[in-house]
S.K.: 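Structure incoming, see below.
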Amino acid sequence: MMKRFVPRIAMMGAAGLIAAGLLQACATAPADDADVRSRAAAMMKSSFKARGQAQLSRLDQDETQRLCSEYANRPLPPSVAEKIQQANLATVRFPADGKLVGDWKAGERIAQSGQGFQYSDNPQTPAGANCYACHQLSGTELAYGTIGPSLRNFGKLRGFTDETRKYAWSKVYNAEAFTACSNMPRFGHQSILTEQQIRDVVALLVDPASPVNQ
Amino acid sequence: MADPMKIRANVIGDSTEVKVLMNHEMETGQRKDAQGTTIPAWFIQNVKVTHNDKVVLAAQWGPAVAKNPFLSFKFKGGAKGDKVKITWVDNHNDTRTDEVAIA
Amino acid sequence: MERRNRRPFAAVIAVAAFGVAIGGAFAQTSAVDEIAKYRAALQDGNPAELWEARGEELWTKPHGPRQVAFTRCDLGLGPGVVKGAYAQLPRYFPDANRVMDLETRLVWCMVNQQGLSQADATKNTFGNGSQQRSDIEALAAYVTSQSRGTTMNVSLDDPHMRDMYALGEKMFFYRGGTHDFACSTCHGDDGKRIRLQDLPNLTKTEGAQKAYTTWPAYRVSQGELRTFQWRLNDCFRQQRFPELEFGSDASIALTAYLAARANGAAYDGPAIKR
Amino acid sequence: MDTSRRQALKGGGGITLFALLAAAGWLAPEDAAGADAWNKNAFETKSMDETMKALGGGTPAQSKDITFFSTPDIAENGAVVPIGITSAVPKTESIAIMVEKNPNMLAAVFEIPAGTEPTLSTRIKMAQTSNVYALVKADGKYYVASKEIKVTLGGCGG
């Protein structure tokens, strides 16, 4: 706690009063970090209410979520990162028929749609992956986000190979397998997308005819 | 009953600048509610602005004017303290008139 | 052609599933510039003023079974004092033995001074058109407008407040739900955007200041004035979390964290936003 | 389908609407005083086809004397699109705003009495990316300028 308040004080240099307040805060910092975390989790449980498809169990963290929250604003130790990636890599499932690539046109629609899993969403409507919220993909879609890297020419740059297709599948299935505490949802592992939907998204990335590779 | 407008009228050089915000849904009649029922059209159709009883702007609006409409324009003349009066009438025949002294 | 022509506005106004390809061969930077122009053009004439005016009227009117006006309501600077009050909220209120943000304090005054039931006081926390207007949103618009230009100065001297700040910070980084999202997923880095919307980095002073000082805001996408309680509520919806309850401890803790991080900046709301 | 519309526009499809409106008398100066009348027909014009059926009236000339100000090329939200129009055409009597691809084209008509500056700003809704027309009537004649405004949408929740 102590340490983490220090840079903040530096940032707030302009407001001397506040810095003073924070210094004081440091002096009597609440017990320890784990205690604050567990009290925060308990507070959330009593402050949220189930609505629609979003039940209170959504607040329960799995080990990956717990570790990534714990290390969110401090460096992630390599050993923890390794542990997270290993555990998540073990979750990746390939389709039984071995077919990794579907229809890029369907993939584009999934990439455009942000519907799904919000309490305001109809659970009967297939969820989207909302890829464009965070990534550049097709060159014609200018309304793309930058939280994730650009995926322009994803297949073209990596080569239209089996290896690329497998990587794309695995990454979409569980991004934490490659980047511990990635911002990207684990679309397969968390059952956000169906197997066929993942195929279609993979097609958007790796099909030579996909606008992503044009 | 309709809520008041927010009107500003200020002398700028030899003109008066009028800015008004109106409280109105401006419902298009094309939207559906959560149950799929069309929400009936409800929008301001006529707006009239007068300065000392002389019309300085008159408008006819369709539902494509944005919700809580904003309008800004200028007319020649107008002195501090003069009244600027604005009236709107909507398709439910509801109406609202507000006035403000030019500042 | 007919079909397309008659396409209802609902298609645009309803929850936006995706950005429309804005086509053409103009550069991304010019798109961003033009959106900046769009935002600038909206600044002159903010319908939030309509809420401010209604809130001002509500403030002085007697309410509830006891017919008491908000002029008896103490927002931290004394009964009825609104000038600059928002810039120091949330704060610990000994009379309630609780840290409260503005909206929660308004509800407290409705219940404890005006005699409304908690249920009645929180019936319309977020308005929906002229048929279901929220007095809390109007009051919040008025009160916050009276802090415009005031430097944010949320004190962490009180231990209750310090505790809420610490809890709020943990919440900010708390990952959960089907999508593993935390507040920090979208608001933890510089220069990011979702689709074309810039995302403030709330872990940095500058980002927190810019974001926090511009709520409440008139949301043109909704035609409503929205408070900070609403902002948090809707963020968690999009995070795929359950619903954050209005005035809950978690909502206040997170507000305390973000408000205190905005310290030093001039409050600049109610603003107008997409 | 779009091609025919575009051609219609270029070929003067937009013009016929104006002609219709003029013929209907809704832009007559006498309306300026008592603006209580609301021209239902004009506001229910749904498509270019419809307007092309009606002929007559004057032809608006493209005019560089009509300009848009504080009007962005891209609207972040179609529910509120700021539009500013200034007419430098002498004896401007009215200014109308029309949106080609809205369900109804006509958004608003402003009568400008003598003494009022032919410049105003307001906010409209746009269903989608479209041309927006500023139609000016001046000294009994019609003039027009247009501008394309792109409408974007976006956000996290989708």
Side-chain angles (χ1 to χ4, degrees), chain A residues 1 8 11-12 14-15 17-18 21-22 24-25 28-30 36-37 39-41 43-44 46-51 54-56 58-61 64-66 68-69 72-73 112-115 117-120 128 130 132-134 140-147 176 183 185-186 190-192, chain C residues 15 17-23 28 31 151 153-157 159 162-163 165-171 173-182 184-186 188-189 191-197 199 203-205 236-238 240-245 248-251 253 260-261 263-264:
Chain A
M1 211 65 199
R8 194 167 300 129
M11 279 189 285
M12 289 186 161
L17 261 174
I18 294 102
L22 281 167
Q24 214 177 329
T28 56
V36 181
R37 252 183 293 118
R39 285 195 300 121
M43 186 181 66
M44 288 173 77
S46 67
S47 293
F48 283 79
K49 60 183 175 203
R51 181 167 166 187
Q55 299 301 301
L56 277 182
R58 293 230 180 138
L59 296 173
D60 298 333
Q61 293 179 316
T64 300
Q65 291 172 334
R66 193 185 66 75
C68 291
S69 303
N73 57 345
Q112 289 280 5
S113 167
Q115 119 88 31
F117 295 89
Q118 298 166 122
Y119 54 69
S120 51
N130 216 9
Y132 283 104
C134 300
T140 55
E141 177 55 274
L142 296 182
Y144 61 82
T146 60
I147 295 170
E176 301 278 345
N183 286 325
R186 295 171 287 177
Q190 298 271 40
S191 303
I192 297 166
Chain C
V15 178
F18 32 82
V20 170
I22 42 186
Q28 186 66 196
T151 303
N153 184 16
V154 175
S155 170
L156 296 178
D157 288 348
R162 276 202 304 278
D163 195 42
Y165 179 98
L167 291 165
E169 181 180 39
K170 291 299 174 212
M171 269 187 78
F173 293 105
Y174 190 94
R175 283 187 179 221
T178 52
H179 287 53
D180 302 335
F181 290 153
S184 57
T185 306
C186 286
D189 273 311
K192 300 290 186 189
R193 55 168 219 250
I194 193 156
R195 288 285 188 176
L196 288 177
Q197 271 86 60
L199 296 163
T203 67
K204 295 268 182 74
T205 303
F236 282 110
R237 179 183 66 84
Q238 294 171 92
R240 275 75 181 171
F241 277 36
E243 185 173 19
L244 178 66
E245 285 199 71
S248 60
D249 284 341
S251 72
R261 300 192 59 72
N263 275 339

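Side chains included, hydrogens not; waters and symmetry mates left out as well; all remaining heavy atoms used.
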S.K.: Let me see the working for C:Arg193 and A:Tyr144 under side-chain contact (heavy atoms from CB on, under 4.5 Å), right down to the final yes or no.
M.R.: CA-CA 8 Å; C:Arg193 55 168 219 250; A:Tyr144 61 82; 3.4 Å; yes

S.K.: Find the distance between CG (A:Leu142) and CZ (C:Arg195) and round it off to the nearest 0.5 Å.
M.R.: 11.0 Å

S.K.: Using non-hydrogen atoms and a 4.5 Å limit, figure out which bit of A:Gln61 sits close to chain C: side chain, backbone, both or neither.
M.R.: both

S.K.: Strictly distance-based, threshold 3.5 Å: is any side-chain N or O of A:Arg39 a donor or acceptor partner for the main-chain N or O of C:Leu167?
M.R.: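 No: the side chain of A:Arg39 does not pair with the backbone of C:Leu167.
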
S.K.: How many angstroms lie between CE in A:Met44 and CG in C:Asp249, if you round to the nearest 0.5 Å?
M.R.: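 Between atom CE of A:Met44 and atom CG of C:Asp249 there are 12.5 Å.
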
S.K.: Distance from A:Glu176 atom CD to C:Asp180 atom CG, nearest 0.5 Å?
M.R.: 6.0 Å

S.K.: Could you walk me through whether A:Val36 and C:Glu169 pass the side-chain contact (heavy atoms from CB on, under 4.5 Å) test, one step at a time?
M.R.: CA-CA 10 Å; A:Val36 181; C:Glu169 181 180 39; over 6 Å; no

S.K.: Between A:Cys134, A:Gly128, A:Ser191, A:Cys68, which shows the greatest number of heavy-atom pairs under 4.5 Å with chain C?
M.R.: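 Heavy-atom pair counts peak at A:Cys68.
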
S.K.: Taking the six-membered ring of C:Phe241 (Phe, Tyr or Trp), confirm whether the NZ or CZ of A:Arg51 is under 6.0 Å from its centre and within 45° of its axis.
M.R.: no

S.K.: C:Met171 versus A:Met43: any side-chain heavy-atom pair under 4.5 Å?
M.R.: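 The answer is yes; the side chains approach within 4.5 Å.
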
S.K.: To the nearest 0.5 Å, how far apart are CD1 in A:Ile147 and CG in C:Leu199?
M.R.: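 Interatomic distance, A:Ile147 CD1 to C:Leu199 CG, rounded to 0.5 Å: 5.0 Å.
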
S.K.: Quick one: pull up CZ in C:Arg237 and CD in A:Gln118 and give me the separation to the nearest 0.5 Å.
M.R.: 4.5 Å

S.K.: Please flag which part of C:Ser155 lies under 4.5 Å from any non-hydrogen atom of chain A: side chain, backbone, both or neither.
M.R.: neither

S.K.: Which of the residues A:Arg37, A:Lys49, A:Arg186, A:Gln190 is involved in the greatest number of heavy-atom pairs with chain C at under 4.5 angstrom?
M.R.: A:Lys49

